[in-house]
2 protein chains.
Amino acid sequence: MNQNNELDKENFNIWLIEDNLHFRRTINGLINHTPGMKCTNAFETCEEAISKLQTEFPPEVILLDIGLPGMTGIEGIEKFKMLSPSTHILILTIYDDNEKVFDALCAGASGYLLKDSSPDKIIGAIEEVLSGGAPMSMQIAHKVLEIFSNLKPKKNDYGLTDREKEILKFMVTGLTKQQIADQLYLSFHTVNTHLKNIYVKLHVNTKSGAITKAFKENLI
Amino acid sequence: MNQNNELDKENFNIWLIEDNLHFRRTINGLINHTPGMKCTNAFETCEEAISKLQTEFPPEVILLDIGLPGMTGIEGIEKFKMLSPSTHILILTIYDDNEKVFDALCAGASGYLLKDSSPDKIIGAIEEVLSGGAPMSMQIAHKVLEIFSNLKPKKNDYGLTDREKEILKFMVTGLTKQQIADQLYLSFHTVNTHLKNIYVKLHVNTKSGAITKAFKENLI
DNA sequence: ATGACAATCGCACGTTCGTGGTATATTCGA
DNA sequence: TCGAATATACCACGAACGTGCGATTGTCAT
């Protein structure tokens, strides 16, 4: 164990989860014909892989399809990441809709490949994951940045003044009017007035409404 | 204009914004020695580039440094995107901290390269951007996915029951207890009790606090 | 079948909020 | 220099909230 010759040989264990038999065999063969990699397990479902995790050491990389029968790949990612956080999960799927991509990456996937990727790309992606990268198909990378740019609406601040924004921030922390007044060395009445003005500008009439709007429209 | 021979020749205009003279010259030369690309302008600051945009047609791609004197690259991205939404902005910088990466991509950058990228990679990235991709250095891609996985804490739901989560959702919409009761065909007292229990579980004691927590911890 | 939990309903009391007013000082651009 | 906007402050009253006590019903696993 001390003389770890696995690392010297760079013989990495890779698991494959893919319900399509043909594709499973193809990828399996591809990996096993690559020096330094070994596909030690190939499953049809996440459930099988998870039960195997109880008895075997986790692999360095799991190649995972998303559209699986039974447990969906997204749920699978979360499970795997719980059972073996250091295992890299590389998505290999036909799905490229924003929702799936977003969910998979949020769940902790280390990369996302589309199934039209060439064998070279797939092997390259595994290597990239092993060296700390985050391989993505071109389309996926594009989608990822798209998601980012939609992440910050940051549009109109409804004409809130600086003071009003400041008070809004305090509101969000859950303070009462009196507590906000104390924090800012103001009179209760002043804070009260500011709140009234904020409500008008945000078209709400409760603290709750103001807070919800603040979060949804990135006013804070 | 109809016989658009620019596209046939694939002669793409590229602008460069970079305050380091040496680097600017290097990249400039690199681009101009690549068939199909032309670095038609090289600036030291975003301000210069923006004023040029008033009189010249925007380029297909802008290579942009982030650590600039005057207007920061992030602000620059927003300005460029406003003036010419179709122009791709490719970040080329030494900065790789999460904050900068996140802000740049949210602002609308189409790619993010680190300055230690090889000339090949830089040219390749420009080509990738032009063909609808989103090139990123390996480290950046990794950070991007890291940001994603931190995006959804989605951890403990504080043991809220289904009913409590449902009521929490209504709370977020700004309804009063009585209104929530009406919506769910419940007594005011029932809703009141649920709120009390929610407060205990979330460790808050106001609607505002519950809503804030709901947003911050993705309970909704 | 017994206990734990969830969901429902009730009352009372003090606190906080939302809203209708009014009013003054300061700042700042037209 | 003269409004307009902003920040500040005050009062009063009904509505809504937060919290202390209850209680009954059903489910579900031990």
Side-chain angles (χ1 to χ4, degrees), chain A residues 47 50-51 54 71 79 154-220, chain B residues 154-220:
Chain A
E47 284 85 346
I50 287 169
S51 77
Q54 317 293 329
M71 179 187 298
K79 287 269 186 350
K154 200 66 144 192
K155 38 195 172 186
N156 51 350
D157 59 355
Y158 290 86
L160 291 179
T161 68
D162 289 343
R163 195 54 151 173
E164 285 162 356
K165 284 182 203 163
E166 191 179 10
I167 288 181
L168 187 56
K169 277 180 200 148
F170 277 100
M171 227 190 299
V172 167
T173 69
L175 300 180
T176 68
K177 296 176 184 177
Q178 186 58 60
Q179 289 170 324
I180 296 174
D182 293 344
Q183 290 283 320
L184 296 174
Y185 302 104
L186 290 176
S187 150
F188 166 85
H189 305 289
T190 303
V191 174
N192 197 29
T193 303
H194 283 307
L195 282 201
K196 282 193 276 193
N197 294 331
I198 291 173
Y199 291 169
V200 171
K201 289 181 180 178
L202 298 188
H203 309 298
V204 299
N205 60 346
T206 59
K207 275 172 75 172
S208 306
I211 291 173
T212 297
K213 204 137 195 171
F215 274 106
K216 287 195 174 165
E217 321 239 348
N218 268 82
L219 301 178
I220 39 147
Chain B
K154 199 67 145 191
K155 38 194 173 187
N156 49 351
D157 59 354
Y158 292 86
L160 292 179
T161 68
D162 289 343
R163 195 54 151 173
E164 286 162 353
K165 284 181 203 164
E166 191 180 10
I167 289 181
L168 188 55
K169 277 179 200 149
F170 277 100
M171 226 190 300
V172 168
T173 69
L175 300 181
T176 68
K177 296 176 184 178
Q178 185 58 60
Q179 289 170 325
I180 296 174
D182 294 344
Q183 289 283 320
L184 296 173
Y185 303 103
L186 290 176
S187 149
F188 165 85
H189 304 290
T190 304
V191 174
N192 198 28
T193 303
H194 282 308
L195 282 202
K196 282 193 278 194
N197 294 331
I198 291 173
Y199 292 168
V200 171
K201 288 181 180 177
L202 298 189
H203 309 298
V204 299
N205 60 345
T206 59
K207 275 172 76 170
S208 306
I211 292 174
T212 296
K213 203 137 196 172
F215 273 107
K216 287 195 174 165
E217 323 238 348
N218 271 80
L219 302 178
I220 40 148

Original post:
What nucleic acid atoms does Y199(A) come within less than 4.0 Å of, heavy atoms only: base, sugar-phosphate, or nothing?
Top reply: sugar-phosphate
Original post:
When rounded to the nearest 0.5 angstrom, what distance separates NZ in K165(B) from CG in L219(B)?
Top reply: 8.5 Å
Original post:
Which residue, I167(B) or N192(B), contacts DNA chain C at a nucleotide closer to its 5' end, judged by nearest heavy atom?
Top reply: I167(B)
Subject >> Length of the NZ-C1' vector between K196(A) and dG21(C), whole Å >> reply: 8 Å
Original post:
K207(A) near the nucleic acid: base, sugar-phosphate alone, or nothing, with a heavy-atom cut-off under 4.0 Å?
Top reply: sugar-phosphate
Subject >> Degree of bending, the helix from dA1(C)-dT30(D) to dA30(C)-dT1(D) (end axes from five pairs; round to 10°) >> reply: 60°
Original post:
Which comes earlier along DNA chain D counting from the 5' end, the contact point of Q178(B) or that of E164(A), where each point is its nearest nucleotide?
Top reply: E164(A)
Original post:
So, does the side chain of T193(B) form a donor-acceptor pair with the base of dC9(C) at under 3.5 Å?
Top reply: yes
Original post:
Which whole-number value in Å describes the distance from I211(A) CD1 to dT16(C) C1'?
Top reply: 14 Å
**OP:** Measure from CD on Q179(B) to P on dG18(C) and round the result to the nearest Å.
**Re:** 13 Å
Original post:
N205(A) CG to dT16(C) C1': how many Å, rounded?
Top reply: 15 Å
Subject >> Main-chain N/O of L202(B) paired to K213(B) side chain as donor or acceptor, under 3.5 Å >> reply: yes
Original post:
Can you check whether T161(B) has a side-chain N or O nearer than 4.0 Å to OP1 or OP2 of dA7(C)?
Top reply: yes
Original post:
Just how far is it from atom CZ of F170(A) to atom CD of Q179(A), taken to the nearest 0.5 Å?
Top reply: 11.0 Å
**OP:** Can you tell me the distance, in whole Å, between the CG atom of L184(B) and the P atom of dA7(C)?
**Re:** 12 Å
**OP:** Kindly compute the distance separating NZ (K177(B)) from NE2 (H189(B)), expressed to the nearest 0.5 Å.
**Re:** 11.0 Å
Original post:
What is the nucleic acid contact for N197(B), judged by heavy atoms within less than 4.0 Å: base, sugar-phosphate only, or nothing?
Top reply: nothing
**OP:** Can you tell me the distance, in whole Å, between the CG atom of D162(A) and the P atom of dT27(C)?
**Re:** 15 Å
Original post:
Which heavy atom in G174(A) sits nearest to a heavy atom in T206(B), and how many Å separate them?
Top reply: O-OG1, 4.1 Å
Subject >> Side-chain donor/acceptor of K207(B) to backbone N/O of L175(B), under 3.5 Å >> reply: yes
**OP:** Looking only at non-hydrogen atoms, find the nearest pair between V172(A) and T212(B) and report the distance.
**Re:** O-OG1, 2.6 Å
Original post:
With a non-hydrogen cut-off below 4.0 angstrom, is T190(B) in contact with a base, only sugar-phosphate, or nothing?
Top reply: base
Original post:
Nucleotide range of DNA chain D contacted by chain A, 5' to 3', under 4.0 Å to a heavy atom?
Top reply: dT6(D) to dC11(D)
**OP:** May I have the distance from L195(A) (atom CG) to dT16(C) (atom P), rounded to whole angstrom?
**Re:** 14 Å
Original post:
Residues two or more places apart in sequence or in another chain: which of them pass salt bridge (Lys or Arg N to Asp or Glu O under 4.0 Å) with K201(B)?
Top reply: E164(B)
Subject >> Closest-nucleotide 5' rank along DNA chain D - winner of H189(A) and K201(A) >> reply: K201(A)
Subject >> K169(A) bridged to E166(A) by N-O distance under 4.0 Å >> reply: no
Original post:
How about T161(A) and H194(A): do any of their side-chain heavy atoms sit closer than 4.5 Å?
Top reply: no
Original post:
Could you give the CG-to-P distance, from L175(B) to dG18(C), as a whole number of Å?
Top reply: 14 Å
